[in-house]
Amino acid sequence: MHYWNEIIRSLTDKRDLSDEQLKLLLDSDAADGLLFAQADAVRKRIYGTDVYIRGLIEYTNYCKNNCCYCGIRRDNCNIKRYRLTKEEILSCCKEGCALGYRTFVLQGGEDPFYTDDKICEIVSAVRGLYPDCAITLSLGEKTKESYQAYFDAGANRYLLRHETADAAHYRKLHPEEMSLEIRKRCLFDLKEIGYQVGAGFMVGSPHQTTDCLISDLRFLQELSPDMIGIGPFLRHKDTPFRDHPDGSLALTLRLIAILRLMFPHALIPATTALGTIHPEGREMGLRAGANVVMPNLSPVSVRKLYSLYDNKICTGEESAQCRVCLEQRVKNAGYQIVTDIGNVRR
Ligand code: SAM
Ligand code: FES
């Protein structure tokens with residue numbers, strides 16, 4: 001007990017640990033109680049009990065990539081593909097605004113149908129109608145010029161999980177044509193342009209080791225992102241990883257707490273994947289240091305089609321239902337949803 005106290009104190013004070021100490025903390029559940037309590041204390045010192053909401057609009061499930069873990073990968077012929085029009089996206093924003101959302105997250109597969117001009121047109125339209133909102137994009141890997149164009153059109157945040165910072169592990173999760181170097185370059189380009197940047201990774205993805213997780217934490221220290229999104233890997237029946245076990249709830253919570261202590265100011269979501277692996281996963285995530293929830297704002301007609309993994313939650317609910325549901329869940333966990341956008345850089 002004394003030893004764990006020391007480690008957690010040192011992590012809190014220095015926002016860092018040696019690789020050996022991190023390994024001990026990651027591989028044992030002995031310190032979980034202390035760790036979660038400390039992460040919650042740090043989060044409350046900085047953010048009080050506030051939880052930010054981001055309205056997620058999943059605007060296309062077409063993807064030119066073939067990541068081995070992802071249900072909307074190019075080679076999956078078993079899903080019906082869809083694309084939302086600009087008008088449909090704007091109507092999601094309108095509904096979201098009425099429900100109190102001040103951040104819209106446009107997320108999709110890498111879909112060449114949406115050329116840079118089309119993306120800029122959509123972003124400008126949202127920016128024109130909602131000048132005070134934050135616009136977050138999560139469209140995958142693009143050139144620096146494209147990222148700059150979206151930024152100039154009014155986007156201010158970008159989510160791009162690095163997925164794994166270990167090059168050999170990256171190779172096992174992705175086909176030959178993708179590379180960790182490009183992924184990292186994108187993240188640094190985004191930062192240079194002035195976006196608030198979100199990185200992150202799946203916990204328990206196939207072939208992941210504790211050393212991979214330590215590399216993830218080291219990479220995040222190098223990048224210093226504003227947002228860090230992590231969630232358990234969950235298998236999808238139509239992917240090459242269909243027979244791999246799901247990631248662990250406990251390890252995901254442990255990592256959320258470690259991230260809160262390493263990056264006290266970061267925006268850390270309690271993700272949909274966390275809510276899928278356990279009915280109260282998002283509440284547990286909040287208690288372990290997370291401070292963002294991202295309810296779905298996509299039209300119900302397409303929700304089931306954005307199937308990254310099996311049994312994804314919130315695919316039958318209307319946006320208003322998700323909003324009320326999450327309000328209650330956040331309250332039950334001991335926190336409250338706030339609707340301001342947070343520290344957006346413009
Ligand atoms: N195309 C964009 C990109 O690559 O960043 C955004 C969409 S991508 C589907 C969003 C995230 O879903 C990925 O970064 C990945 O971490 C997560 N994801 C995909 N398949 C998953 C799975 N089977 N289990 C858990 N998370 C998954
Ligand atoms: Fe969608 Fe609970 S958040 S139903």
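Counting starts at 1 for both ligands and their atoms, following the listed order.
- Ligand 1 has an N or O atom lying under 3.5 Å from an N or O atom of Tyr69, backbone or side chain.
- Rounding to the nearest 0.5 Å places CG of Leu17 at 9.5 Å from CG of Leu217.
- Within the cation-pi definition used here (under 6.0 Å to the ring centroid, within 45° of the axis), Lys142 does not qualify as a partner of Tyr150.
- At a 4.0 Å heavy-atom cut-off, ligand 1 does not touch Arg235 at all.
- No side-chain donor-acceptor contact under 3.5 Å links Ser307 to the backbone of Tyr309.
- Residue-level proximity to ligand 2 for Arg282 is carried by the side chain, the only part with a heavy atom below 4.0 angstrom.
- The nearest protein atom to atom 23 (N) of ligand 1, hydrogens excluded, is given as Leu234 O, 2.7 Å; this is a heavy-atom distance.
- Using modelled atom types, one side-chain atom of Glu88 and one backbone atom of Thr85 make a donor-acceptor pair closer than 3.5 Å.
- Proximity of a side-chain donor or acceptor of Asp166 to a complementary backbone N or O of His169 within less than 3.5 Å is detected.
- At a heavy-atom cutoff of 4.0 Å, ligand 1 is contacted by the side chain of Gln107 but not by its backbone.
- Within a 4.0 Å radius of atom 11 (C) of ligand 1, the protein has no heavy atom.
- The nearest protein atom to atom 13 (C) of ligand 1, hydrogens excluded, is given as Glu163 OE2, 3.2 Å; this is a heavy-atom distance.
- The nearest heavy-atom contact from the protein to atom 9 (C) of ligand 1 is Leu308 CD2, 3.4 Å.
- Between Lys184 and Glu222, no side-chain nitrogen of the basic residue sits less than 4.0 Å from a carboxylate oxygen of the acidic one, so the salt-bridge criterion is not met.
- Residue contacts with ligand 1 for Tyr306 involve side-chain atoms from C-beta outward but no N, CA, C or O (heavy atoms, distance under 4.0 Å).
- Here 2 is the count of protein N, O or S atoms positioned under 2.8 Å from atom 1 (Fe) of ligand 2, waters not counted.
- Heavy-atom separations between Ser138 and ligand 1 include at least one value shorter than 4.0 Å.
- Scanning the protein for heavy atoms near atom 1 (N) of ligand 1, the closest one is Gly108 O, 2.9 Å.
- Near Arg183, meaning under 4.0 Å from any of its heavy atoms, are these atoms of ligand 1: 3 (C), 4 (O), 5 (O).
- Among protein heavy atoms, the minimum distance from atom 26 (N) of ligand 1 is reached at Met202 SD, 3.5 Å.
- Relative to the ring axis of Tyr62, Arg83 places its NZ or CZ within 45° and under 6.0 Å from the centre.
- The structure places CE of Met284 at 10.0 Å from CD1 of Ile277, a figure rounded to the nearest 0.5 Å.
- Looking only at distances, a side-chain donor or acceptor of Arg242 sits under 3.5 Å from a matching main-chain atom of Lys237.
- The parts of Cys70 lying near ligand 1 are both backbone and side chain, judged by heavy-atom distances below 4.0 Å.
- Looking at Tyr306, its side chain never comes within 3.5 Å of a backbone N or O of Ile57 through a donor-acceptor pair.
- Contact check on Glu192 versus Lys144 returns a salt bridge, with a Lys/Arg side-chain nitrogen under 4.0 Å from an Asp/Glu carboxylate oxygen.
- The main-chain N or O of Leu261 is never found under 3.5 Å from a side-chain atom of Arg15 such that the two would form a donor-acceptor pair.
- The two residues Ala165 and Asp216 make their nearest non-hydrogen contact at N-OD1, 2.8 Å.
- Residue Gly140 has at least one heavy-atom neighbour below 4.0 Å for each of these atoms of ligand 1: 2 (C), 3 (C).
- Put simply, the residue from Lys44, Arg260, Arg43 that forms a side chain to side chain donor-acceptor pair (under 3.5 Å) with Asn291 is Arg260.
- Within the 3.5 Å criterion, the main-chain N or O of Thr239 finds no donor-acceptor partner in the side chain of Arg73.
- The proximity of Pro232 to ligand 1, defined as any non-hydrogen pair under 4.0 Å, is limited to the backbone.
- Applying the 4.0 Å criterion to heavy atoms of Leu160 picks out, from ligand 1, the atoms 5 (O).
- Nearest protein neighbour of atom 17 (C) of ligand 1, counting heavy atoms only, is Arg161 NH1, 3.9 Å.
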